[in-house]
Amino acid sequence: MKEYSGSLAGVPWRGYLCERPEDLNRFMEWVEAQRGTVCFDTETQGLKIYSTGPGFLRLAQFGTATEAWVIPVELGPAFRTAATRALRRLPSLTGHNVIGFDGLVVDEHLGVKLEEFCPKTQDTMITAKLLDPRSPEAGGMGAKLKPHSAYFIDPSAPDTEEGLTEVFRELGYTKKSGLGWIHIPWNHPTYVEYAMLDVILGSRLLVAHMAEIERRGVRRALIDYEREISRMCAIMTRAGMYVDDEYTATQYGVLDAEVSKYLAVAERYGVTSVNSPAQVASALQAMGETLTKKTKSGKSLSVDGSVLRRLADVTDKWERIGSRTPNPLANAVLRATRAGKWKTTYLDTFLHERDPRGYIHPNIQTLEARTGRMSITKPAVQTLPSGDSMIRRCLLAEPGHVFVSVDFQAVEMRVLAALAGVKKMKAALIAGEDLHGYTASLVFGPDYTPAHRKVAKGIGLGKVYGGGADHVAGQTGAPVADVRRAMATYDSVYPEIKQASNRWQREARQQGLVTVSATGRHLPLDRERMYAVVNYQCQSAARDVLGQALIHMDEKGLLPFLRLPIHDEVLASVPRGEAEEVAREIERCMTFDLMGVPIISEAEVGGRSWGSLYGADF
DNA sequence: CTTCTCACG
DNA sequence: ACGTACGTGAGAAGT
């Protein structure tokens, strides 16, 4: 046994590194004596839980506010058994991102399943996000352990992540290679000390977060609710999705050929890098085109898709417009960049993220956006192209299964109607009217045209996003003056939207620029964009409508079928013979009343590939 | 690291 | 006083 000690915020701590099997006896005695919440953390060979061999889990750490134990699982079966038994015996656990990462690690590498682990585990990532959901870039604290330790425990607490990176550098490993996490000796003093500090800090952080949540009046029920969401999403990550490698390789070749073909065309016009906006802009000007649109920063001429499509005379669905002679360079740049992006961003990631069984395990961050929305990375399966089935066809349901996708119908508009109490909108939704058609009839009269309906829909979306007439006009193609007039009528028909916006803004100012969502989330606003409160309220409540639906699905035993949450949709892998029945059950879980407004959903049953739901045959 | 672009809801 | 499109992840180029 090697002993460590130190002090945080003036309170001393002691740490114990179990070096020999006999050291584990004292650890197990300590485990048996624990009655309170113990912080758990792991050190691993990186982040690829499913693609690394049995040596992936290196250290398992357990700690209270003043005491830490490090179990080097890699030393052999006795250590492994001790860590496993501790996880099973300890009555209450906590940790930082412990459900989304360490829980998956012990599920896969120690056989302590998420179903057993999660119900007794708190996660300080959740409390951190409930206190401030903003990233550092957005002016928040972020959710990393370091800023939280510094703010809530001890400003001089070491940055263990940064500190280890430094140690790795001294040992000759670059940060990017990740080799430090694999090769640093299990008993390296800094590695061990920081492993201990992480659980001591994590243990103290839970107490500090709970006190702060109480102090600020953040709704406590959100903590347990978010833990359930986090557990369900971890179970979806564990299930993963199968990659059709044969099909993926074929499409890789198709896209490669497309890239080569159009790179050659671009080169004829002097463009050697189609991803260089500066090169593309000057080459287009040399061909006699006039560019007027500026980029967001105003520093350069924009050559984004909308500009290039106009020059190439194609719509966003590649249909000829017929308003001019297509510019061949614009066409080549569009085609080459799209094919290149699809190849590298999607196909490459599918192949690289695959585990030995051929499955990807998308990482679901359950509280990532500042509105509480989820995000998914590695791969970013929320953002696969939807206008073409090519990319989604790479992903398959389980053998013998088909994909079922269930969408909420216009959920953000319904949430707006509910939260803002928009009388006529609510009445129309209760009556089962086509909302945008109904709005068009109010704004343009009973003889409204499809173009009128499109404008009405655009204005509705503009209200949810806080957009103005210029943007709605740009999106719908209607003249700005017409849109302006229609928006004025819209406001008089649905006056409660503006009233709610004013009320939310006033209340947010009283709360220190924080708006409280319908479910009790505290969402900080930016002083110069207070109008965004309407969007924050709608987006955040819509996220919780999905969260509530997920809870319904778990209660009905549907969780094993679920694969992904996608904002207003869930994707499920279901045995072919039960697909229709399960689709209807998921629909029911996604159907309920929100403050007098019906929230409804619609299921689609596809084939084995995800692409089958996007126009492909299988 | 920032800027630009593009994929999604 | 007035009006403001919202939220993400990811890759390539260039500083």
Side-chain angles (χ1 to χ4, degrees), chain A residues 133-135 137-138 271-281 293-309 316 333-334 336-346 348-349 362-365 367-388 390-392 405 407-408 410-413 416 458-476 483-484 487 498 501 505 523 525-540 542-543 546 564-571 614:
Chain A
R134 295 171 302 175
S135 64
E137 294 74 34
V271 173
T272 53
S273 294
V274 288
N275 284 309
S276 166
Q279 260 191 48
V280 173
K293 188 180 171 186
K294 290 290 190 70
T295 60
K296 194 168 157 248
S297 69
K299 285 180 189 164
S300 41
L301 291 167
S302 173
V303 283
D304 66 12
S306 68
V307 173
L308 294 178
R309 278 195 297 272
D316 49 11
V333 170
L334 280 168
T337 50
R338 188 178 91 141
K341 181 191 165 76
W342 286 20
K343 186 163 74 79
T344 57
T345 307
Y346 305 121
D348 273 339
T349 334
N363 184 15
I364 307 171
Q365 280 99 234
L367 281 172
E368 187 60 17
R370 57 186 297 176
T371 54
R373 255 198 185 183
M374 304 183 198
S375 85
I376 306 186
T377 60
K378 292 193 287 185
V381 282
Q382 283 174 324
T383 67
L384 305 188
S386 60
D388 184 304
M390 179 200 275
I391 302 298
R392 292 184 197 235
S405 158
D407 282 51
F408 285 120
V411 68
E412 287 197 348
M413 285 305 295
L416 175 63
I459 295 174
L461 204 60
K463 291 297 167 193
V464 173
Y465 290 151
D470 287 353
H471 219 99
V472 174
Q475 288 294 313
T476 59
V483 173
R484 221 179 283 282
M487 281 183 102
K498 184 70 187 164
S501 178
Q505 292 189 46
L523 309 175
L525 296 171
D526 298 331
R527 182 178 298 282
E528 65 282 8
R529 296 190 312 140
M530 291 295 283
Y531 66 91
V533 73
V534 176
N535 183 258
Y536 285 25
Q537 284 285 341
C538 292
Q539 199 181 98
S540 188
R543 184 280 190 190
L546 179 72
L564 293 175
I566 314 179
H567 306 308
D568 64 348
E569 171 194 355
V570 297
L571 184 70
Y614 294 80

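Below, chain A is the first sequence line, B the second, and so on; all start at residue 1.
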Between [atom1] on residue [X] and [atom2] on residue [Y], distance to nearest 0.5 Å:
| X | Y | atom1 | atom2 | result |
| --- | --- | --- | --- | --- |
| Gln382(A) | Arg373(A) | CD | CZ | 8.0 Å |
| Leu523(A) | Arg370(A) | CG | CZ | 8.5 Å |
| Asp407(A) | Asp568(A) | CG | CG | 5.5 Å |
| Lys463(A) | Ser501(A) | NZ | OG | 9.0 Å |
| Tyr531(A) | Asp526(A) | OH | CG | 9.0 Å |

In whole angstrom, give the distance that lies between atom [atom1] of [X] and atom [atom2] of [N].
| X | N | atom1 | atom2 | value |
| --- | --- | --- | --- | --- |
| Arg392(A) | dA7(B) | CZ | C1' | 10 Å |
| Asp304(A) | dT3(B) | CG | C1' | 13 Å |
| Leu546(A) | dG7(C) | CG | P | 19 Å |
| Gln537(A) | dA5(C) | CD | P | 21 Å |
| Glu368(A) | dG9(C) | CD | C1' | 10 Å |
| Gln365(A) | dT8(C) | CD | C1' | 11 Å |
| Arg309(A) | dT5(B) | CZ | P | 12 Å |
| Gln279(A) | dC4(B) | CD | P | 16 Å |

- Item | Matching residue for Val280(A) among Val307(A), Leu308(A), Asn275(A) - test: side chain to side chain contact (heavy atoms under 4.5 Å, CB included) |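 The option that passes is Leu308(A).
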
Counting heavy atoms from C-beta on, name the nucleotide in [options] closest to the side chain of [X].
| X | options | result |
| --- | --- | --- |
| Arg529(A) | dC6(C), dA12(C), dT3(B) | dC6(C) |
| Tyr465(A) | dC4(B), dA12(C), dA5(C) | dA5(C) |
| Asn275(A) | dA12(C), dC4(B), dA7(B) | dA12(C) |
| Gln475(A) | dT8(C), dA5(C), dA10(C) | dA5(C) |
| Thr345(A) | dA5(C), dG11(C), dG7(C) | dG11(C) |
| Tyr346(A) | dA7(B), dA13(C), dT5(B) | dA7(B) |
| Arg370(A) | dC6(C), dT8(C), dC4(B) | dT8(C) |
| Lys341(A) | dT5(B), dC6(B), dC6(C) | dC6(B) |
| Ser276(A) | dG14(C), dT8(C), dC6(B) | dG14(C) |
| Thr371(A) | dA12(C), dT5(B), dG7(C) | dG7(C) |

N or O in side chain of [X] less than 4.0 angstrom from [N] OP1/OP2:
| X | N | result |
| --- | --- | --- |
| Thr344(A) | dG11(C) | no |
| Tyr531(A) | dC2(C) | no |
| Ser302(A) | dC4(B) | no |

Determine the contact category for [X]: base if any of its heavy atoms lies under 4.0 Å from a base atom, sugar-phosphate if only primed atoms, P, OP1 or OP2 are that close, otherwise nothing.
| X | answer |
| --- | --- |
| Gly462(A) | base |
| Ser300(A) | sugar-phosphate |
| Gln382(A) | sugar-phosphate |
| Val303(A) | sugar-phosphate |
| Gly387(A) | sugar-phosphate |
| Lys296(A) | nothing |
| Ala281(A) | nothing |
| Arg373(A) | base |
| Lys378(A) | sugar-phosphate |
| Leu461(A) | base |

- When rounded to the nearest Å, what value does the distance between P atoms of dG9(B) and dA5(C) take?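 It works out to 22 Å between them.
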
- Item | Identified pairing partner of dC2(C), criterion: Watson-Crick or G-U wobble below 3.5 Å |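 Pair assignment: dC2(C) / none.
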
- Query: Should the pair Arg484(A)-Asp470(A) be classified as a salt bridge under the 4.0 Å nitrogen-to-oxygen rule?
  - Reply: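 Yes, this pair counts.
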
- Message: Could you tell me if Gln539(A) and Thr371(A) have a donor-acceptor pair between their side chains, going purely by distance under 3.5 Å?
- Response: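 Side chains of Thr371(A) and Gln539(A): pair found under 3.5 Å.
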
- Message: Assuming nearest nucleotide by heavy-atom distance, tell me which of Gly340(A) and Ser375(A) is located more 5' along DNA chain C.
- Response: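 The residue whose closest nucleotide sits nearer the 5' end is Ser375(A).
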
